[in-house]
Amino acid sequence: VSRSHPHVVVIGAGFGGVRVARGLRGAPVRLTLIDPNNFHTFQPLLYQVATSGLEPGDISFPVRSLLRRDRRARFVMGTVTSIDLSDRSLVVDDDEVVTYDFLVIAAGTVSSSFDIPGVDEWSLPLKTLHDAVTLRDELLTRFERCSRAVLSGDAVDPEALSVIVVGGGPTGVEMAGGLHELLDRVLRKDFPELDVAGAGITLVEAAPRVLTPFDETSSAHAALALRRRGIDVRLGVGVDHVTEESVVLADGTELRAGTIIWAAGVTAHPLVRALGLPLGRGGRVAVQANLALGSHPEVFVIGDLAGEVGGQPALAQVAQPAIQGGVHVAAEIRRALAGEVPRPFRYRDKGSMATIGRNHAIAEFPGGRRFHGRLGWLMWLGLHIVYLIGFRNRATTLVNWGWNYLTYDRSARTLLSRR
Ligand SMILES: Cc1cc2nc3c(=O)[nH]c(=O)nc-3n(C[C@H](O)[C@H](O)[C@H](O)COP(=O)(O)OP(=O)(O)OC[C@H]3O[C@@H](n4cnc5c(N)ncnc54)[C@H](O)[C@@H]3O)c2cc1C
């Protein structure tokens with residue numbers, strides 16, 4: 001790799017980082033992409049892995065395959081532990097110093113407990129592929145343990161099989177819907193010795209409605225669809241604390257369950273906290289109109305980490321702003337190298353979607369077009385297939401979904417961890 005080319009370092013191989021790397025393919029730069037994982041994760045389908053609908057490999061893609069065609073690009077599997085903006089350098093895994101000419105910070109967010117007692121100790125987050133596999137394993141192992149207890153004549157706490165999902169955003173709603181399908185269609189048949197029908201799924205949301213980024217009619221539609229599936233939807237009351245086997249709400253109600261899932265929110269990656277930059281809501285970094293830092297035009301912040309853009313309100317923490325931001329920043333770097341002036345980032349809203357389960361999703365598009373039910377679900381399926389990275393992933397996901405749809409089964413139930 002020639003040292004004469006400017007060095008572009010991208011932190012994070014998520015939606016944003018991968019688009020920067022792709023956009024710089026063939027550009028006169030050396031590119032280094034850094035991520036603690038050697039794969040890119042398609043986070044919108046994490047709940048499918050957690051509920052045994054898809055295998056981890058269906059929604060992840062090797063980063064090295066993405067860079068294979070670019071001979072001036074390299075991948076470093078590691079965690080960026082600090083950044084020195086004035087020195088134009090960063091540190092990987094606390095020991096390797098890497099210098100840059102351009103830096104793109106695309107490290108995304110981390111799950112946040114909002115300092116609510118017991119959340120970190122007793123609930124399971126859903127933010128990474130590792131989280132999704134852990135959640136699936138915990139859930140299935142719990143059923144196996146309860147089965148052994150019943151078969152050996154021991155009493156099983158009726159709440160042991162119940163699940164509470166905290167957070168009524170798209171993640172919580174999709175998780176609750178997916179759990180219902182797993183319990184009702186699969187585990188009820190797998191474990192006839194257990195009272196699976198008696199296992200409750202509760203969705204807790206502090207706001208007065210689920211899916212707050214969506215229109216009120218869509219929220220009402222989603223809540224109704226969840227309730228029709230027997231899911232207990234609790235709105236307008238937050239969580240006070242979490243214990244080993246319960247969620248205690250702010251009004252004093254104690255909800256008991258064997259599994260507690262925390263899908264209530266995220267906060268900006270702590271990496272940016274130490275940079276001394278002005279941070280907005282959720283710890284996000286305010287950027288110039290072209291997504292660069294005002295104080296350091298060679299540094300860009302994109303995706304979930306970017307806050308206000310050129311003084312305009314921050315964009316939603318969803319995939320499209322990260323994807324479009326990544327494409328824009330790659331073009332900005334090319335422009336800077338060609339001596340051209342920066343151009344502002346223009347976000348194109350492509351709409352929002354959330355699925356509740358089989359044949360049921362909410363889709364909203366600019367201009368007030370809304371689709372609920374089966375049509376929304378078909379759109380949801382199509383778009384998720386299109387945006388998955390890699391032909392193999394699209395093919396295996398399509399086959400697995402087709403199989404699940406026809407057989408009402410969820411076959412990704414292989415437990416590999418030894419307990
Ligand atoms: C469960 C779940 C469901 C979601 N569903 C949807 C949905 O249906 N639709 C939608 O549009 N959006 C959805 N989102 C949001 C969407 O995934 C994010 O908005 C998007 O991933 C943000 O892209 P990003 O590039 O900013 O960060 P990410 O895609 O999160 O990528 C960040 C990358 O940085 C890496 N990284 C972290 N720390 C470091 C470090 N210190 N050093 C180096 N690398 C690091 C991470 O490993 C990761 O690969 C969902 C998110 C979750 C968690």
Side-chain angles (χ1 to χ4, degrees), residues 9-21 32-51 59-61 63 66 75-83 90-94 98 103-112 124-132 135 165 167 169-175 178 211 213-214 261-266 268-274 282 284-285 291 300-306 314-327 329 349-355 361-363 380 383-384 387 389:
V9 176
V10 180
I11 306 175
F15 279 106
V18 159
R19 269 10 181 248
V20 177
T32 301
L33 181 56
I34 309 173
D35 198 291
N37 301 308
N38 73 339
F39 53 85
H40 161 82
T41 306
F42 191 81
Q43 293 175 28
L45 293 178
L46 282 175
Y47 85 95
Q48 285 270 335
V49 172
T51 56
I59 69 156
S60 57
F61 192 84
V63 180
L66 287 166
F75 172 63
V76 173
M77 193 175 93
T79 301
V80 174
T81 41
S82 64
I83 303 171
L90 50 83
V91 179
V92 181
D93 291 333
D94 286 318
V98 177
L103 176 67
V104 184
I105 310 178
T109 52
V110 291
S111 180
S112 172
L124 297 162
L126 183 63
K127 176 65 191 150
T128 64
L129 195 53
H130 182 261
D131 292 341
L135 223 162
V165 181
T171 301
V173 166
E174 293 185 341
M175 190 65 206
L211 300 179
F214 289 72
I261 300 169
W262 191 254
V266 291
H269 195 288
L271 192 58
V272 294
R273 255 182 248 149
R284 299 168 75 181
V285 184
L291 302 177
F300 298 86
V301 182
I302 58 171
D304 282 1
L305 269 183
L315 294 165
Q317 285 170 307
V318 288
Q320 276 301 324
I323 292 172
Q324 294 181 33
V327 170
V329 163
D349 184 5
K350 294 190 174 175
S352 315
M353 291 183 173
T355 177
I362 307 282
W380 180 91
L383 267 175
H384 281 72
Y387 277 103
I389 288 185

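Since we're looking at a predicted model, the values are computed, not measured. Residues: numbered from 1 along the sequence shown. Indexing begins at 1, ligand by ligand and atom by atom, following the structure's order.
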Problem - Min side-chain heavy-atom separation Leu46-Val49 under 4.5 Å - result: no
Problem - Contact atoms of ligand 1, heavy-atom distance to Gly303 under 4.0 Å - result: 26 (O)
Exercise for the section: If you have a sec, work out which protein heavy atom is nearest atom 44 (N) of ligand 1 and how many Å separate them, to one decimal? Expected result: Pro36 CD, 3.2 Å
Exercise for the section: Please report which non-hydrogen protein atom sits nearest to atom 30 (O) of ligand 1, along with the residue it belongs to and the distance in Å to one decimal place. Expected result: Gln43 NE2, 2.8 Å
Handout entry: Evaluation steps, side chain to side chain contact (heavy atoms under 4.5 Å, CB included), between Asp35 and Phe75
Key = CA-CA 8 Å; Asp35 198 291; Phe75 172 63; 3.9 Å; yes
Completion exercise
Among Lys127, His269, Lys350, Glu174, closest by heavy atom to atom 39 (C) of ligand 1 is His269
Practice task
Between Asp304 and ligand 1, find which residue part has any heavy-atom pair under 4.0 Å and reply side chain, backbone, both or neither.
Solution key: both
Handout entry: Among Asn37, Thr128, Asp35, closest by any non-hydrogen atom to atom 46 (C) of ligand 1
Key = Asp35
Fill in the blank from the handout: In this structure, atom 32 (C) of ligand 1 is nearest to the protein heavy atom Ala106 O, 3.3 Å
Handout entry: Val98 and Val92, any side-chain heavy atoms less than 4.5 Å apart
Key = yes
Exercise for the section: Check whether any heavy atom of Ala13 sits under 4.0 Å from an atom of ligand 1. Expected result: yes
Fill in the blank from the handout: d(Ile261 CD1, Tyr47 OH) to nearest 0.5 Å is 13.0 Å
Practice task
Kindly indicate whether the side chain of Phe300, heavy atoms from C-beta on, has any atom under 4.5 Å from the side chain of Val20.
Solution key: no
Exercise for the section: Ignoring angles and geometry beyond distance, decide whether Gln320 reaches within less than 3.5 Å of ligand 1 through its nitrogen or oxygen atoms. Expected result: no
Handout entry: Heavy-atom side-chain contact between Phe42 and Gln48 under 4.5 Å
Key = no
Exercise for the section: Enter the distance from His40:NE2 to Ile59:CD1 here, rounded to the nearest 0.5 Å. Expected result: 9.0 Å
Problem - Pairwise side-chain contact, Gln43 with Thr171, heavy-atom cut-off 4.5 Å (strictly under) - result: no
Handout entry: side chain to side chain contact (heavy atoms under 4.5 Å, CB included) assessment of Phe61 paired with Val18
Key = CA-CA 11 Å; Phe61 192 84; Val18 159; over 6 Å; no
Problem - Nitrogen or oxygen of Leu126 less than 3.5 angstrom from that of ligand 1 - result: no
Exercise for the section: Could you tell me which non-hydrogen atom of Trp262 sits nearest to which non-hydrogen atom of Ser111, and how far apart they are? Expected result: CD1-OG, 4.0 Å
Problem - Evaluation steps, side chain to side chain contact (heavy atoms under 4.5 Å, CB included), between Leu90 and Ile34 - result: CA-CA 11 Å; Leu90 50 83; Ile34 309 173; 4.0 Å; yes
Practice task
Give the residue, atom name and distance (to 0.1 Å) of the protein heavy atom nearest atom 27 (O) of ligand 1.
Solution key: Gly108 CA, 3.5 Å
Problem - ligand 1 N/O within reach of Leu46 N/O, cut-off under 3.5 Å - result: no
Exercise for the section: With the side chain counted from C-beta on, respond yes when Met175 and Leu135 share a heavy-atom pair under 4.5 Å apart, and no when they do not. Expected result: yes
Practice task
Considering the heavy atoms of Ile11, write down every atom of ligand 1 situated less than 4.0 Å from one of them.
Solution key: 42 (N), 43 (C), 44 (N)
Exercise for the section: May I ask you to list the atoms of ligand 1 that are less than 4.0 angstrom from any heavy atom of Gly14? Expected result: 25 (O), 28 (P), 29 (O), 31 (O), 33 (C), 49 (O)
Problem - Selection from Phe15, Trp380, Tyr47 by shortest heavy-atom distance to atom 29 (O) of ligand 1 - result: Phe15
Handout entry: Nearest heavy-atom neighbours spanning Gly17 and Ala106
Key = N-CB, 3.8 Å
Exercise for the section: Note the single closest protein heavy atom to atom 15 (C) of ligand 1, along with its residue, its atom name and the distance in Å. Expected result: Gln317 O, 3.6 Å
Problem - Heteroatom proximity flag, Val80 to ligand 1, N/O under 3.5 Å - result: yes
Handout entry: Test item: Thr32 side-chain N/O and Val9 main-chain N/O as donor-acceptor pair under 3.5 Å
Key = no
Practice task
Using distance alone, decide if ligand 1 has a nitrogen or oxygen within less than 3.5 Å of any nitrogen or oxygen in Val318.
Solution key: yes
Exercise for the section: Could you check if a side-chain atom of Leu103 sits within less than 4.5 angstrom of a side-chain atom of Ile11, using non-hydrogen atoms only? Expected result: yes
Practice task
Number the atoms of ligand 1 from 1 as they appear, then name those within less than 4.0 Å of a heavy atom of Ile34, with their elements.
Solution key: 43 (C), 44 (N)
Practice task
Quick one: look up the protein heavy atom nearest atom 11 (O) of ligand 1 and list residue, atom name and how far away it is.
Solution key: Ala319 N, 2.9 Å
Exercise for the section: Write out the residue and atom name of the closest protein heavy atom to atom 14 (N) of ligand 1, then the distance separating them to 0.1 Å. Expected result: Pro44 CG, 4.4 Å
Practice task
Number the atoms of ligand 1 from 1 as they appear, then name those within less than 4.0 Å of a heavy atom of Gly12, with their elements.
Solution key: 33 (C), 34 (O), 35 (C), 44 (N)
Handout entry: atom 37 (C) of ligand 1: nearest protein contact (heavy atom, Å)
Key = Ala107 O, 3.5 Å
Handout entry: Close approach, Thr79 and ligand 1, non-hydrogen under 4.0 angstrom
Key = yes
Handout entry: Within-cut-off N or O pair, Gly16 and ligand 1, under 3.5 Å
Key = yes
